[in-house]
Visitor: 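Handing you this structure, nothing more for now.
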Amino acid sequence: MLGEPSTSQHLSETIAMASMRKKPSYLDVSAVHEALEEPPRKKARNVTTCKLLESKRAKQDHENELAEVAIVCEPEHSSLMMGGLHPRGSLYERPVNIDIAKAQHAEFRNLLRTHGVRVLTVREILAYNVETNIGARVDLENLALSTLKYGMAAGHQVIENMGVSQLVDTIMIQPTVHITPSYRDTGLSATYTFEPLSNLVYTRDQQITTCKGIVMGRLRSQQRQREVQVMHFCIEKLGVKVVGQIQEPGFLEGGDFFPLGQDLALLGVGLRSNPAAARQLMDQDLLGSKRFAVVRDEFDRNQDRMHLDCVFSVVSDTCCIMLEDIMGEASPLRRLVDEYVRDPETGKYSLKRQGLELASFVREEGYNIIPIKAEHQLAYACNVLNLGGSRIISVHASSARQMVRSPHFKGDVCVIDFSSITSMYGSVHCASQIIKRVPSALVPVGDDEKQNGV
Ligand SMILES: NC(=[NH2+])NCCC[C@H](N)C(=O)O
């Protein structure tokens with residue numbers, strides 16, 4: 001597996017040395033970095049200095065394949081503190097306790113690591129190599145500078161003198177400094193406004209990872225739009241190619257996207273992502289799947305069910321979970337599927353079928369559905385994370401029981417307490433971006449494991 005110590009002796013020594021002074025997230029970033037065999041080639045500075053994952057293309061065919069590398073963002077004190085001052089104005093569900101959120105997120109990262117996933121945090125990616133490599137330092141300074149505005153003077157000098165954590169904090173809170181004359185002491189007086197990235201913890205949403213690679217999205221809410229720039233920077237710093245970027249008038253949020261193999265991908269459109277983004281994905285051939293199902297939410301459009309991953313998830317190659325209330329032709333909240341098919345000759349997608357009810361569509365695709373009660377959905381029962389081979393992380397105990405009792409599900413479910421992160425309106429699926437999964441064709445399969453897609 002990518003970056004595992006066993007890949008080389010040199011790597012394990014590097015990790016051993018680093019572990020004496022660094023946190024696990026640093027280890028994952030540096031381990032992925034060190035795992036590269038090729039010497040750096042001359043490219044953009046970002047990439048030559050921090051060529052993480054270079055020879056390892058980001059790619060994800062199916063959510064039931066083994067997760068290899070995840071990008072997450074730990075709850076950042078400054079931006080969450082500001083977000084927490086007005087939960088609704090920050091797209092949060094309830095007030096948030098940052099200390100508890102940090103502890104719960106640390107547990108989440110540990111759990112991913114115990115399942116063999118390399119977990120890279122946004123802060124560690126931003127800070128990686130910055131102390132030792134001036135190119136990486138200047139790149140980070142430029143990013144910080146682009147987030148810092150002054151009423152009058154420019155911020156170059158301020159930025160160049162900042163420590164790494166100050167630079168990262170500046171990026172997280174996006175400050176504007178307003179200067180007025182004070183006519184005494186230093187002669188000036190400063191007040192501040194901020195546009196904090198209070199939802200960056202949800203690294204699912206700024207991009208999607210398709211069979212073709214990473215496509216940067218465009219977030220619908222004004223509070224979240226600046227997150228894309230930061231994630232784009234991180235992904236490029238990892239040496240991963242971004243294969244496309246959604247442009248105006250498109251809106252694409254990663255919580256709406258589900259890859260279901262090289263044959264099919266789903267995209268929810270409604271409150272957040274829109275049909276213009278779906279069109280761009282097809283026209284620019286960014287999906288890599290033979291078919292594309294656009295799942296229209298026309299009747300619901302509710303913040304409690306803002307993304308497709310709030311009401312649906314794939315837990316094996318033959319089983320999914322779905323909010324009961326959206327199922328069936330008679331449901332007033334039903335989702336409707338338009339199915340597009342790619343012409344292998346021209347690479348163009350064309351509409352094949354229209355307005356199919358979602359539950360019937362996924363059954364027809366060979367999935368059994370475990371129905372999730374509305375009350376459980378509101379407690380984030382649908383927003384599970386599949387680490388591959390039906391190893392599921394859930395935050396909701398009764399629906400986890402329901403899953404393991406179902407004859408259609410043969411996997412494992414780990415239940416964690418994530419209540420302080422769900423205060424911000426998202427759970428474990430929202431809080432992770434798996435940028436690499438091992439294609440199932442490369443994983444040896446035992447007979448009894450076949451149906452779980454291991
Ligand atoms: N993939 C998800 N469901 N993400 C949840 C995002 C929650 C965030 N507070 C928002 O409203 O945008």
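Note that the numbering runs from 1 along the sequence shown for the chain. Just so you know, ligand 1 is whichever comes first in the structure, and atom 1 is the first atom listed for that ligand.
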Visitor: Does a side chain donor of either Ser198 or Gln223 reach within less than 3.5 Å of an acceptor in the other side chain?
Guide: no
Visitor: Does ligand 1 have a heavy atom under 4.0 Å from the side chain of Cys310, from its backbone, from both, or from neither?
Guide: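 Under 4.0 Å from ligand 1, Cys310 contributes side-chain atoms alone.
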Visitor: Which part of Asp205 is near ligand 1, with near meaning a heavy atom under 4.0 Å away: side chain, backbone, both or neither?
Guide: side chain
Visitor: Which label fits Tyr349 and Phe292: parallel for a plane angle under 30°, tilted from 30 to 60°, or perpendicular past 60°?
Guide: perpendicular
Visitor: Answer yes or no: is there a donor N or O on one side and an acceptor on the other, between the side chain of Thr210 and the main chain of Leu286, under 3.5 Å?
Guide: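 Yes: the side chain of Thr210 pairs with the backbone of Leu286.
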Visitor: Please verify whether a non-hydrogen atom of Arg272 lies at under 4.0 Å from ligand 1.
Guide: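 Under 4.0 Å: yes for Arg272.
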Visitor: Do ligand 1 and His307 have nitrogen or oxygen atoms that lie under 3.5 Å from each other?
Guide: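 Looking only at distances, the answer is yes, because the N/O contact criterion of under 3.5 Å is met.
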Visitor: Give a yes or no on whether the backbone of Glu74 and the side-chain of Thr121 come within a donor-acceptor separation of less than 3.5 Å.
Guide: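 Answer holds: no.
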Visitor: What atoms of ligand 1 come within less than 4.0 Å of a heavy atom belonging to Asp309?
Guide: 1 (N), 2 (C), 3 (N)
Visitor: Under a plain distance cut-off of 3.5 Å, with no hydrogens placed, do Arg226 and Gln206 share a side-chain donor-acceptor pair?
Guide: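 Their side chains do not contain a donor-acceptor pair, so the 3.5 Å distance test is not met.
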Visitor: Taking 4.0 angstrom as the limit, do Asp256 and Arg272 come out as a salt bridge?
Guide: no
Visitor: Starting from atom 7 (C) of ligand 1, find the nearest protein heavy-atom neighbour and note its residue, name and distance.
Guide: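 Nearest protein contact, heavy atoms only, for atom 7 (C) of ligand 1 is Tyr425 O, 3.4 Å.
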Visitor: Need the ligand 1 atom indices (1-based, order shown) with element for anything under 4.0 Å from a heavy-atom of Gln303.
Guide: 11 (O)
Visitor: What part of Asn199, side chain from CB on, backbone N/CA/C/O, both or neither, has a heavy atom under 4.0 Å from ligand 1?
Guide: side chain
Visitor: Pick one of side chain, backbone, both or neither for how Met424 approaches ligand 1, counting any non-hydrogen atom pair under 4.0 Å.
Guide: backbone
Visitor: If we set the cut-off at 4.0 Å for heavy atoms, which region of Met306 has an atom near ligand 1: side chain, backbone, both, or neither?
Guide: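 Near ligand 1, Met306 shows its side chain, while the N, CA, C and O stay back.
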Visitor: Which bit of Tyr202 gets closer than 4.0 Å to ligand 1, counting heavy atoms only: side chain, backbone, both or neither?
Guide: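 Near ligand 1, Tyr202 shows its side chain, while the N, CA, C and O stay back.
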Visitor: Judging by distance only, is a nitrogen or oxygen of Arg224 under 3.5 angstrom from one on ligand 1?
Guide: yes
Visitor: With the side chain counted from C-beta on, respond yes when Tyr367 and Phe361 share a heavy-atom pair under 4.5 Å apart, and no when they do not.
Guide: no
Visitor: Taking C-beta and beyond as the side chain, do Leu358 and Arg334 meet within less than 4.5 Å on heavy atoms?
Guide: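 Answer no - side chains too far apart.
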